[in-house]
Amino acid sequence: MKKYLIFCLFCLCIISNVFAGNYLKLILSDGNTILVPASYVDSLYADTNGEHVYLKISKSDLKDLVYYNDSSKYSIVLPQTITIASGINCHLYYENLHNDRFNISNSLVFDGVGTNEEKSWSYKPLDTDNDAVITIKNTLSNEISTRNIQVINSKNRSGKLSILTVGDSYTDIGIYEDVFMNELRTSGYDINAIGRKNADGSNNENISGGSIQNFCYNNQAVKFTVTGVTVRPRGYWPVYTDGTNCWAIYFTSVDSNGNGYMEAKLSCGSYDNKLSNGGTLTFINGTGSGQGTITFTACDYWSLNPFWNLTTNKLDFKNYITEYNFEDPDLLVVQFLLNDVNQYSTNANMNTVISNIKKFIEQFHSQYPASKVIYSLEPLGCLYWQKNGTNYDLAYYNRFNFIRKFLSEFENNENYSYLCIAPGYAWIDREEGYDLQISGNTGSNVFLNGDYSTYYPSDVIHCNTSGMTQLGDCIYSTILNALTTSIITGSGTTGTGTKKVVSASYYTPTGAQTNTSGKGVYIKRIAYSDGSTVTNKGIN
């Protein structure tokens, strides 16, 4: 008996075994099986001789066959080492650790330090706690994996840190940045936040709705020199017209007298119609708001990418630091994900994102080789969005697969020893970390027994203060880890030959040793393949 699947507007599947319960089991001619949720089956009927049974599945549910029958859905999507600063309460939420939404969360059991709670594993290490290893068992698949828990003492720190933060609308909102900056100050660091001030007063570089690609290339725009701005444009790209073109305002920098500049992208018209001799901008539409009319005295070609050198037409972090008279950065904190990977992303798209990440961080490292990079993988969005969404299920699936690809590419890769990964997506409560409303009423955190039918989030994308605090805690812990590890150079040369690094170890010398800038000193010891070793000092 030949067995096969036919996919069309509706799906007709020949199955040879049907069993009671929540699933139908399809046995294919190659011996593989496919599980289909019984609730997805519109009808079930036999052919005239009773030899075959047909089932009919609506087209909208076909995508869920991917989730049910992807063997990787049971695999934990989490870095091999989780860093937690002492005093920080880390929660790893079960729903955030795998790319399947069908009851797998309830099957995860953590063993070792910490506590298994209803929605998460939690652990709040003390200053005296040691590193540990935890096991994570999936009772559905019997898969067991281990993760290292690295405890970083957060007390008695000192020195000055200049930190540049880059991201999308999460960074524009600025709350998570304020959290980790303040935690670093509490630990004893003197913090200098690099970046032009956004509308909320945080110092960073961001593009709402942007992706890592926007910071890798020339993002064509114009720069208006403006005067007398009393109400600065703000929100999600308010649109102004100069009478010929329409301009979406992305960034505004003005002094106390309202004089300064605005960066804008073309919304309608042509860049060839750019006005250079001045005029009036009039607000016309957009989800943002701003002053009704704004006077500008000049309009020049510009780039929304602040790191793009318009003279050399290259990515250039040193030019940015010089242009705005900032201090050299000790740390670069980068956070993206939601705008980079969505329901339409293919494997090729994801590879392009990885390439853009490499371009960005490699260029930074080439210009600031002693500085560290923190890459935070963004929260995945409100759980309601996933439960009630249509295409959003596929977006989550793609994002988990991208995180796997990211970890495979960068984790434990000595070529990127300057990079530390912050798994922000795993730390966020995707229920209580977002604000929800009941129709006709405002309020937050109103999930009841997982019933999403009568509630909707006021913002499905951005966390509330609670969620942003969890995100800041994760990045803070990762930064402390970055400040206690060192950069591996990869290889060295001696004479006419090349010798390969076979091991590298790092330790902090006893005593309060600091350099002239007040930063801590570490010792790096590298062993080479020819048996030689090198020990030298570096600066945290």
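For the ring pair (Phe, Tyr, Trp, His ring centres under 6.0 Å) with Tyr240, the qualifying choice from Phe224, Phe283, Tyr250, Trp247 is Phe283, the only one to do so. Paired with Asn481 under the rule side chain to side chain contact (heavy atoms under 4.5 Å, CB included), one option of Thr83, Ile84, Ile374, Thr81 passes, and it is Thr83. Here the rule is ring pair (Phe, Tyr, Trp, His ring centres under 6.0 Å) with Phe326, and of Tyr368, Phe317, Tyr320 only Tyr320 fits it.
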Steps toward side chain to side chain contact (heavy atoms under 4.5 Å, CB included) verdict (Phe296, Thr227): CA-CA 6 Å; Phe296 69 95; Thr227 61; over 6 Å; no
Verdict with reasoning, Thr171 to Asn204, per side-chain hydrogen bond (donor to acceptor under 3.5 Å, both in side chains): CA-CA 7 Å; Thr171 304; Asn204 56 52; 5.9 Å; no
Verdict with reasoning, Leu281 to Met262, per side chain to side chain contact (heavy atoms under 4.5 Å, CB included): CA-CA 11 Å; Leu281 296 172; Met262 300 191 313; 3.5 Å; yes
Pair Ser86-Ser154, side-chain hydrogen bond (donor to acceptor under 3.5 Å, both in side chains): steps then yes or no: CA-CA 6 Å; Ser86 61; Ser154 61; 3.0 Å; yes
Derivation of the side chain to side chain contact (heavy atoms under 4.5 Å, CB included) call for Tyr416 and Ile421: CA-CA 11 Å; Tyr416 298 99; Ile421 301 169; over 6 Å; no
Test side-chain hydrogen bond (donor to acceptor under 3.5 Å, both in side chains) applied to Tyr434 and Ser466, step by step: CA-CA 8 Å; Tyr434 294 80; Ser466 174; over 6 Å; no
Derivation and outcome, side-chain hydrogen bond (donor to acceptor under 3.5 Å, both in side chains), residues Thr230 and Gln291: CA-CA 7 Å; Thr230 56; Gln291 191 167 315; 3.1 Å; yes
Full working for side chain to side chain contact (heavy atoms under 4.5 Å, CB included) between Phe364 and Tyr418: CA-CA 11 Å; Phe364 177 82; Tyr418 56 88; over 6 Å; no
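Proximity of Leu78 to Leu92: side-chain heavy atoms (C-beta onward) are separated by under 4.5 Å at one or more points. You'll find the side chain of Phe336 reaches within 4.5 Å of the side chain of Val166, heavy atoms only. Considering only heavy atoms from C-beta on, Met181 comes within 4.5 Å of Arg185 through its side chain. Between Phe406 and Val353, the closest side-chain pair of non-hydrogen atoms is not below 4.5 Å. Between Ile294 and Pro233, some side-chain heavy-atom pair lies under the 4.5 Å cut-off. Looking at Val373 and His365, their side chains never come closer than 4.5 Å, going by heavy atoms from C-beta outward. The side-chain heavy atoms of Leu377 and Pro423, taken from C-beta on, include no pair separated by under 4.5 Å. No side-chain heavy atom of Asn214 sits under 4.5 Å from any side-chain heavy atom of Asn305.
Defined by atom type and a distance below 3.5 Å, a donor-acceptor pair is missing between the side-chain atoms of Asn339 and Ser211. For the residue pair Ser345 / Asn398, no side-chain donor-acceptor distance below 3.5 Å is found, with atom types taken as modelled. Side-chain contact of Asp172 with Ser208: a donor-acceptor pair under 3.5 Å is present, judged by distance alone. Remark: the Asn351 side chain and the Lys405 side chain contain an N/O donor-acceptor pair separated by less than 3.5 Å. When only modelled atom types and interatomic distance are considered, Gln335 and Tyr375 share no side-chain donor-acceptor pair under 3.5 Å. Defined by atom type and a distance below 3.5 Å, a donor-acceptor pair is missing between the side-chain atoms of Gln470 and Trp427. Using modelled atom types and a 3.5 Å distance limit, the side chains of Trp308 and Asn313 yield a donor-acceptor pair. No hydrogens or angles considered: a donor-acceptor pair under 3.5 Å links the side chains of Thr346 and Asn349. Side chains of Asn206 and Tyr170: no donor on one and acceptor on the other come within 3.5 Å. In this structure, a donor-acceptor pair under 3.5 Å is absent between the side chains of His98 and Ser75. When only modelled atom types and interatomic distance are considered, Asn219 and Lys265 share a side-chain donor-acceptor pair under 3.5 Å. Side chains of Tyr176 and Ser376: no donor on one and acceptor on the other come within 3.5 Å. A donor-acceptor contact closer than 3.5 angstrom is absent between the side chains of Asp131 and Gln150. Side chain to side chain, Ser162 and Glu327 meet the donor-acceptor criterion of an N or O pair below 3.5 Å.
At most 12 heavy atoms of other shown residues, nucleotides or ligands fall within 6.0 angstrom of atom NZ in Lys155. Other residues, nucleotides and ligands contribute only 12 or fewer heavy atoms inside 6.0 Å of the CG atom of Asn156. Annotation: Gln213, atom CD; neighbour count of heavy atoms from other residues, nucleotides and ligands within 6.0 Å does not exceed 12.
Residue Thr312 holds its OG1 atom at 7.0 Å from CG of Asn319, rounded to the nearest 0.5 Å. Glu183 CD to Tyr476 OH: the interatomic distance, rounded to the nearest 0.5 Å, is 6.0 Å. One finds the CD1 atom of Ile194 at 10.5 Å from the CG atom of Leu161 (value rounded to the nearest 0.5 Å).
A donor-acceptor pair is defined here as one N or O able to donate and one able to accept, closer than 3.5 Å; such a pair exists between the side chain of Thr352 and the backbone of Ala348. With hydrogens and angles disregarded, a donor-acceptor distance shorter than 3.5 Å links the side chain of Tyr301 to the backbone of Tyr271. A distance-only check finds a donor-acceptor pair linking the side chain of Asn259 to the backbone of Gly228 [under 3.5 Å].
Closest approach of Ser158 to Tyr189, counting heavy atoms only: O-CE2, 3.3 Å. In terms of heavy-atom proximity, Thr241 sits nearest to Asn245 at OG1-O, 3.0 Å. Considering all non-hydrogen atoms of both residues, Leu310 and Ser303 come closest at CD2-CB, 4.1 Å. Summarising the geometry of Ser477 relative to Ala85, their closest heavy-atom pair is OG-N, 3.0 Å, with the distance given to 0.1 Å. The two residues Asp168 and Gly210 have their closest heavy-atom pair at CB-O, 3.6 Å. Heavy-atom minimum distance, Pro329 versus Leu164: CB-CB, 4.5 Å.
Using the six-membered ring where Trp is involved, Phe400 and Tyr425 have ring planes that are perpendicular, over 60° apart on the 30 and 60° scheme. Under the 30°/60° scheme for interplanar angles, the aromatic rings of Tyr93 and His91 are found to lie parallel. Ring orientation note: the planes of Tyr261 and Phe251 are tilted relative to one another, at an angle of 30° to 60°.
Salt bridge present: Glu205 and Arg196 bring a charged side-chain N and a carboxylate O closer than 4.0 Å. A salt bridge does not link Arg399 with Glu378: every distance from a Lys NZ or Arg NE/NH1/NH2 to an Asp or Glu carboxylate oxygen is 4.0 Å or more.
Taking Cys246 as the reference, Cys268 meet the disulfide (SG to SG under 2.5 Å) condition, with sequence neighbours excluded.
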